[in-house]
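Take a look at the structure below.
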Amino acid sequence: MRYTFGQAEAFYWVARLGGFRSAAQHLNLSQPTVSLRIKELERTLGGELFDRSLYRPVPTTLGSAIYADIERMLAHAEQVQRHGKDGLRGKSLLRIGAADSFAASILPDLLAQLARRHAELQVDVTVDFSTRLEQLLLDRSIDIAFLSQPRAHDGITIVPLWLIDLVWVVGEGLPFAGNVATPERLVDLPIFTNSSPSGLFTTIQMWFGAHGLKPRRLNTCNPLTVIARLASAGTGAAMIPREMIHLSGDRLALRVLEANPPIPSHNLCAMWWNNESADECGDLANLAREIAAGGGAATPKDRG
């Protein structure tokens, strides 16, 4: 008896997400259905795939041995399916994930050039903060992500494009003496940022934590343009990419503070799977770099 695609898919997502319930939610199946598929696969392969005695199911030696092969099989199946769908429509589909700052500064020119070079290209864009984009790429829900501070993963290419200069800003109407931002001076202010586990949220926590402090009032929202406007209203402070000051509108009344200690820059990167589309993704990353270097927009560093 051979295993089925559904059994392999159930195994992959239980191992990937660390639980039967999470896998069931991802696959839009009931938890008993996922459990049954795993049991059927175990009978076919002649051994247990997960140690179920722990808090979370952990792949056994057999489960670990087949994980990479099943991951490659699912990736290939998705690629075949995408080719089939594209053939029916007579056009190709490119799924792009973009962080806020990239979407505001580079994406319009990038899409315009893609339209000129590939008239039949259909583009699906997701704008979100970087940790979510990274997960979407890992789940193969997007083809390429332009994001900051990604983690390394097997089978994935990460190409640094440029540095993102981060600054503290306050509204001009906020009674804040001087132009120096220190953890001690900001700790009692309302602070606007993306929600956890975004890169900005983490950087803020580390910036305060280096001085043994924790911000008392973190107000979270998305996107960055809204965060810049909230700070401009004069009710608190925000850590944002410097370029967002220029991209959030002319009516902002923001003061840029000198951070002490300095804020580490974030790396803006392109990230994609090493599959049949890798060359095209590499070309797209190079095109984004060319646009940022002077073909339609300045890099964040140049703007600063």
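Nothing here was measured: the structure is a model prediction, and the numbers come from that model. Throughout, numbering of the chain's residues begins at 1 and tracks the sequence.
- Clustering ILVMFWY residues whenever any of their side-chain heavy atoms sit less than 4.5 angstrom apart, transitively, puts Val180 in a cluster other than the one holding Val170.
- With hydrogens and angles disregarded, a donor-acceptor distance shorter than 3.5 Å links the side chain of Ser198 to the backbone of Ser195.
- In this structure a side-chain-to-backbone donor-acceptor pair under 3.5 Å is present from Asp51 to Ser53.
- Rounding to the nearest 0.5 angstrom, the gap separating the CG atom in Asn194 from the CG atom in Asn222 is 5.0 Å.
- Using bins of under 30°, 30° to 60° and over 60° for the plane-to-plane angle, the ring pair Phe20/Phe50 lands in the perpendicular bin.
- Taking 4.5 Å as the limit, some side-chain heavy atom of Leu94 sits within range of a side-chain heavy atom of Leu121.
- In this structure, the side chains of Leu45 and Ile66 come closer than 4.5 Å at one or more pairs of heavy atoms.
- A heavy-atom distance below 4.5 Å is not found between the side chains of Asp100 and Phe129.
- A tilted orientation is assigned to the rings of Trp168 and Trp207, their planes being inclined by 30° to 60°.
- Using a cutoff of 4.0 Å between basic side-chain nitrogens and carboxylate oxygens, Arg117 and Glu280 are not scored as salt-bridged.
- In this structure, OG1 on Thr220 lies 12.0 Å from CG on Leu200, to the nearest 0.5 angstrom.
- The closest side-chain heavy-atom distance from Leu29 to Arg37 is below 4.5 Å.
- Put simply, the side chain of Ser277 does not reach to within 4.5 Å of the side chain of Asp143, judged on heavy atoms.
- In this structure, the side chains of Ser130 and Gln149 stay at 4.5 Å or more apart for every pair of heavy atoms.
- A salt bridge is defined here as a Lys NZ or Arg NE, NH1 or NH2 lying under 4.0 Å from an Asp or Glu carboxylate O, and Asp124 with Arg95 fails to meet this definition.
- The backbone N or O of Ala228 lies less than 3.5 Å from no partner atom in the side chain of Ser232, so there is not a single donor-acceptor pair.
- Within the 4.5 Å cutoff, no side-chain heavy atoms of Thr157 are placed close to those of Met271.
- Under the 6.0 Å distance and 45° angle rule, Arg289 does not count as a cation-pi partner of Trp162.
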I'd like to know whether Glu290 forms a side-chain hydrogen bond (donor to acceptor under 3.5 Å, both in side chains) with Asn286, so could you lay out the CA-CA distance, the side-chain angles of the two residues, the decisive distance to 0.1 Å, and finally the verdict. CA-CA 6 Å; Glu290 290 171 7; Asn286 289 332; over 6 Å; no
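- Looking at heavy atoms from C-beta onward, Leu186 lies out of side-chain contact with Thr182 at the 4.5 angstrom threshold.
- Comment: Asp188 does not engage Arg217 in a salt bridge, judged by the lack of any side-chain N to carboxylate O separation of less than 4.0 angstrom.
- Cation-pi geometry between Arg185 and Phe176 is satisfied (NZ or CZ under 6.0 Å from the ring centre, within 45° of the ring normal).
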